2 protein chains.
Amino acid sequence: MQVTDTVQDYLKTIYSIARAGDGVHTTVIADRLKVSPASVTSMIKRLSALGYLTYTRYQGVELTDSGTEIALEVIRHHRLLELYLHHSLGIPWDRVHDEAEVLEHAISEDLEDAIARILGDPTHDPHGDPIPPKSGVYLEVLHDTLEKAEPGPVRVERVSDRDPEVLRHLAKIGLQPGTEIVIERKDPYGGPVWVKVGKRRHAMGTELTTKVYVSKVER
Amino acid sequence: MQVTDTVQDYLKTIYSIARAGDGVHTTVIADRLKVSPASVTSMIKRLSALGYLTYTRYQGVELTDSGTEIALEVIRHHRLLELYLHHSLGIPWDRVHDEAEVLEHAISEDLEDAIARILGDPTHDPHGDPIPPKSGVYLEVLHDTLEKAEPGPVRVERVSDRDPEVLRHLAKIGLQPGTEIVIERKDPYGGPVWVKVGKRRHAMGTELTTKVYVSKVER
DNA sequence: ATCTAAGTTTAGACGCATCTAAATTTCCTG
DNA sequence: CAGGAAATTTAGATGCGTCTAAACTTAGAT
Ligand SMILES: [Mn+2]
Ligand SMILES: [Mn+2]
Ligand SMILES: [Mn+2]
Ligand SMILES: [Mn+2]
């Protein structure tokens, strides 16, 4: 029994669901990986037997230390690759995710190191996600989404990298990690959030506001 | 039924056995891919059903046009990647083969194009193997090995890329594709071939001479 | 507290890719 | 050209990763 690409994807996905604060239930994993819940249950049993997670039937799973280690390794590959593809190969930021999804399983430790060295041991990928270090402590800070943040000046910390269309739109209005924007008004009942990006004002729906993570900024 | 990584490896391997002029028999494929002959037979049947090769029981196989197309696509990926890894990432030439063996299945057409563009549409990989063009005619020239070549001045055209130790040794004595050397003497009965590389003379055994391909050079 | 809907697991199946052991075919050698 | 060795195929099995349909458990609503 070995750590296949599929096993890596399960562990990575479980890690990122848990990190978002949600309980890690069968259907959530199934949705993310686009497989049936039955497939997830069967894989969970294997991962549990391999010692990568603990499993309480009907209740969900939790990664063990060794499961977390593998998850972080794959996530490091993924985010280093996204940055490399964007930076060194000029792949547009809305396309790096899908490429990295495959390549993350294909690079050796040597290649990982070469890429990290060329990039100068970077700390964040093009979408603002932190890159786990090769070794040592790692802690992901949780930011609020635009949907939940209070009005006022904020810095864009991170954008969800899974929807290319959203990324293209965000790029078009000049909104990237690092950009400072102002939340001017939040209409009630799921209405748009009004933000000022540079000199322009935009009304952003939940489709967008749940995918942009920000932090308050003092002015 | 889809073109898996394994299917790609079989087609690539069959192509390269056929190109070397040998008949493509079950055991040869099995040896190359390090699987059992029984596995090869079973895969051959599938590839035949998929229309990628023609198969005469007990006699061997021959790629169809569509099989050849896939083989060349994978070989293009492999050789572009070897060159890219060596050139742009500084991976030593004795290690690029194993990396490329995995990555060849993981890059998209977009990424292939980006790599080719950055390298300036190269025609040969670091071991002297020609890179099949994206489209259009492609013909691999067959060169003699040092073992079979006549004494006299020759140019190194290609070295086998599969044995890292051999590659390291060849690099150490300064022998790469493009190097001009002189075959001074060939001892009979599988004895060493004496070659002059630069100012040094080397006695090369069959372990080496079967892995270096040369062409006669006029002086 | 009971019922029911949602979530989860089990049962049984399938295709891929591989193996070993046994049967078959080819082909070389004496 | 007969017999045996080598090559090849067949038979039967296994693990992975997935599915659908059916059974079961949990938890929320009345
Ligand atoms: Mn993946
Ligand atoms: Mn990312
Ligand atoms: Mn391969
Ligand atoms: Mn090569």
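The chains referred to below are lettered A, B, ... by the order of the sequence lines, with proteins before strands, and numbering in each begins at 1. Note that these values count all heavy atoms, side chains included, but never hydrogens, waters or copies made by symmetry. Everything numeric here is computed off the predicted structure, so don't read it as measured data.
In this entry the distance linking CG of A:L50 with C1' of D:dG17 reads 14 Å, nearest Å. For B:L47 and D:dT9, the CG to P distance is 13 Å, given to the nearest whole Å. Distance B:L33 CG to C:dC16 P: 18 Å, rounded to the nearest Å. To the nearest angstrom, C1' of C:dT25 lies 14 Å from NE2 of B:H25. Between the P atom of C:dA17 and the CD atom of B:Q8 lies a distance of 11 Å, rounded to the nearest Å. Protein atom CD1 of B:I44 is 14 Å distant from nucleotide atom C1' of C:dA17, rounded to whole Å. Protein atom CE of B:M43 is 11 Å distant from nucleotide atom P of C:dC19, rounded to whole Å. Rounded to an integer number of Å, the gap from CD1 of B:I29 to C1' of C:dT18 is 16 Å.
Taking 4.0 angstrom as the limit, A:K45 places a side-chain polar atom (N or O) nearer than this to OP1 or OP2 of C:dT10. For C:dT8, neither phosphate oxygen OP1 nor OP2 lies less than 4.0 angstrom from any side-chain nitrogen or oxygen of A:Y55.
Salt-bridge formation is not detected for the pair A:E157/A:K216: no Lys NZ or Arg NE/NH1/NH2 atom is positioned less than 4.0 Å from an Asp or Glu carboxylate oxygen. Electrostatic pairing of B:E101 and B:R162 does not count as a salt bridge here, judged by no charged N lying under 4.0 Å from a carboxylate O. A salt bridge between A:D22 and A:R32 is absent, with no side-chain N of the basic residue lying under 4.0 Å from a carboxylate O of the acidic one.
The B:T27 side chain lies nearest to D:dA7 when the options are D:dC19, D:dA7, D:dC16. Comparing C:dT18, D:dC16, C:dT9 by their closest approach to the side chain of B:V35 singles out C:dT18. You'll find that the side chain of B:S39 is closest to C:dT18, out of D:dT8, C:dT18, D:dG17. Of the candidates C:dT9, C:dT20, D:dT9, D:dT9 carries the atom nearest the B:R57 side chain, counting heavy atoms from C-beta on. In this structure, the nucleotide among C:dC16, C:dT9, D:dT8 sitting nearest to the side chain of A:P37 is C:dT9. For B:V7, whose side chain is taken as the heavy atoms from C-beta onward, the closest listed nucleotide among D:dT18, D:dT26, C:dA17 is C:dA17. With D:dG17, C:dT9, C:dC16 as the candidates, the nucleotide lying closest to the side chain of A:Y58 is C:dT9. In this structure, of C:dA17, C:dT26, D:dG17, it is C:dA17 that holds the atom nearest to the side chain of B:R46.
Taking the side chain as every heavy atom from C-beta outward, A:L170 and A:M204 approach each other to under 4.5 Å. For the pair B:P177 and B:R158, the minimum side-chain heavy-atom distance is 4.5 Å or more. Considering only heavy atoms from C-beta on, B:H127 stays 4.5 Å or farther from B:H86 through its side chain.
Counting non-hydrogen atoms under 4.0 angstrom, A:S36 reaches a base of the nucleic acid. If you check every strand for non-hydrogen atoms under 4.0 Å, A:S42 touches a base. Residue B:T6 is classed as a sugar-phosphate contact, given heavy-atom separations below 4.0 Å to backbone atoms only. Within 4.0 Å of A:T26, counting heavy atoms only, lie sugar-phosphate atoms of the nucleic acid but no base atom.
Across the interface with DNA chain D, nearest-nucleotide mapping of A:Q59 and A:A38 shows A:A38 to be the residue nearer the 5′ end.
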